[in-house]
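Right, one structure below, let's go through it.
Residue numbers start at 1 and run along the sequence shown. Just so it is clear, the structure is predicted and the values come from calculations on it, not from any experiment.
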Amino acid sequence: MPIAPPAAEPNDDFEPPERTNGRRMDKLRSLRDQSPRDWRALQWLILGIGIKRWGLLALLGLVFSATGLLFALAYVAVDLSVNVVERISKTTHQLIEIEPIGWIMVVAGLVLFVIGLRGTLKAVERALSPGGSGGFLDAALNRRKLEHGEYLVAIGGGTGLSTMLRGLKEYTSNITAVVTMADDGGSSGRLREEGMLPPGDLRNCMAALANAEPEMQSLFQHRFEGYGPLKGHSLGNLIVAAMCEMQGDFESAVRETAKVLAIRGRVLPSTVQDVRLGARLEDGSEIIGQVAVHEAKGVQEVFLVPDSPPALPDVVRAIAEADVIVIGPGSLYTSIMPNLLVPEIREAIRQSEAVKIYVCNVMTQTHETTDFKASDHVRAILRHAGKDMIDIALINNTHIPEDVLGRYRKVGADQVQADADAIEMLGIRAIQGNFVDVTNLVRHNPKKLAHAIFRIVAKL
């Protein structure tokens, strides 16, 4: 039986045959590894980008115009001028002057420069905004406007806050949304049982502020209806959980997830300590848990366990730097109040010189705020957080059709009465208006609400 030859020992000096362009790419890779800046400069030489030709044309136009200007104003050497005139005269068999040639070169150069500059901008626009003409310029101008917008802090949670954020992001990108970490229901509650902070409200706000494609936003908000253990989970919550495992802490996970969605602004937890929401009821009993508080009747007071969690430092800084602080909309006791019960946040709002606007809910919530008027919402905030928390209250006074109200009344909810006079007696300015959309559900209209808020800011 023939014996197979021994396997060849690996030879580090062996270089397999390869094509010339393969060697060239190896050299380029070597340059890239050694000096990233040099490599980026070389990348501009790659064919097909569509920018180099126009850039060179614009540069040629500038050189042509500069040379023509020198000829026209006789700023070049006389020998050179005479030599140029002599050569042109021999070619055209006519006696010419250098000054007209100079001005012709200036005009021709400017034309070339304009054509080259226009081509360069079009190439950049096609690369960054392939959807249509004007998109890149419009986006650049809009981004500049948003970057110079007011610094705004929005405090709350639930669907109310995320709805408002969709409107606010059209006025400024300097937004900090602050949400509660007391959520213990649904997908967030299940993740919390595994030792993670609840990401639900953060997820909703990040989706609202996202600049990502609509498909990406829908995917982020998708809630599984099947697949066993995944049932009921939101994909966005799972992404935050994955980021938390990768980054090692919740705060970094939120920051990295925001980058994925390219959000306009920031979304921050009010605290990164594990807190629970509790409530004292009319009969003197106490309950613990956000879901339990939301479903309880006769809530007299809410509190946090532990009672003085440390605020996230970035939240306190954002409040100190804010031009506008917006509280709400959102569930009064289970979304808004847990943020205001964090001592450092409460004190930062009280000391802030920003205008403080409370956006009152449109509808009462079953059990949590049954029969509450607008002034009852305001009094509850002042009772828990103290004075100097609200300067202006925005209250919806739009008539809601009876058939829509009938559906809410069947589950124990109703329209919040706009008792503006009672709010004014508390030393708070009340502004009434139409801030809602009415379909089968009654929700704040993001554009109407944002417009009202920034009209207030513009008049300050």
Side-chain angles (χ1 to χ4, degrees), residues 18-149 170 172-174 211 213 262 264:
E18 56 182 0
R19 294 176 298 178
T20 304
N21 61 344
R23 294 178 185 273
R24 185 181 300 114
M25 288 306 298
D26 284 344
K27 291 179 180 178
L28 288 176
R29 291 191 189 99
S30 177
L31 282 172
R32 178 189 61 189
D33 294 339
Q34 293 175 9
S35 178
R37 290 187 179 180
D38 290 346
W39 167 246
R40 289 185 64 84
L42 286 173
Q43 283 181 312
W44 286 99
L45 301 178
I46 296 175
L47 298 177
I49 295 178
I51 295 177
K52 297 185 299 297
R53 70 196 72 168
W54 299 112
L56 290 173
L57 185 62
L59 180 61
L60 178 62
L62 284 176
V63 173
F64 212 60
S65 292
T67 305
L69 195 62
L70 292 174
F71 280 138
L73 300 178
Y75 285 153
V76 295
V78 175
D79 290 343
L80 176 59
S81 300
V82 171
N83 189 36
V84 171
V85 170
E86 183 179 351
R87 288 182 177 276
I88 296 177
S89 297
K90 285 181 179 181
T91 303
T92 61
H93 303 290
Q94 292 181 0
L95 183 63
I96 63 169
E97 296 182 3
I98 192 64
E99 184 176 350
I101 295 176
W103 289 117
I104 292 172
M105 290 176 66
V106 169
V107 173
L110 289 176
V111 171
L112 291 176
F113 174 74
V114 171
I115 294 173
L117 182 61
R118 184 176 182 274
T120 302
L121 293 176
K122 286 289 184 182
V124 173
E125 186 173 290
R126 283 194 300 271
L128 298 183
S129 182
S133 62
F136 172 68
L137 180 59
D138 291 343
L141 293 174
N142 187 54
R143 179 175 178 177
R144 182 180 182 277
K145 181 192 77 171
L146 295 175
E147 287 176 348
H148 288 80
E170 301 303 324
T172 179
S173 59
N174 300 312
N211 281 332
E213 294 297 325
R264 190 175 297 171

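The nearest pair of heavy atoms linking Leu146 to Thr172 is CD2-N, 3.4 Å. The shortest heavy-atom contact between Thr67 and Met105 is CG2-CE, 3.7 Å.
If you take CG on Leu112 and CH2 on Trp54, they are separated by 11.0 Å, rounding to the nearest 0.5 Å.
With sequence neighbours excluded, the residues forming a side chain to side chain contact (heavy atoms under 4.5 Å, CB included) with Leu117 are Phe113, Leu121, listed by chain and number. For the side chain to side chain contact (heavy atoms under 4.5 Å, CB included) test, residues two or more places apart in sequence or in another chain that qualify with Ser65 are Leu110. Annotation: side chain to side chain contact (heavy atoms under 4.5 Å, CB included) contacts of Leu56 (sequence neighbours excluded): none.
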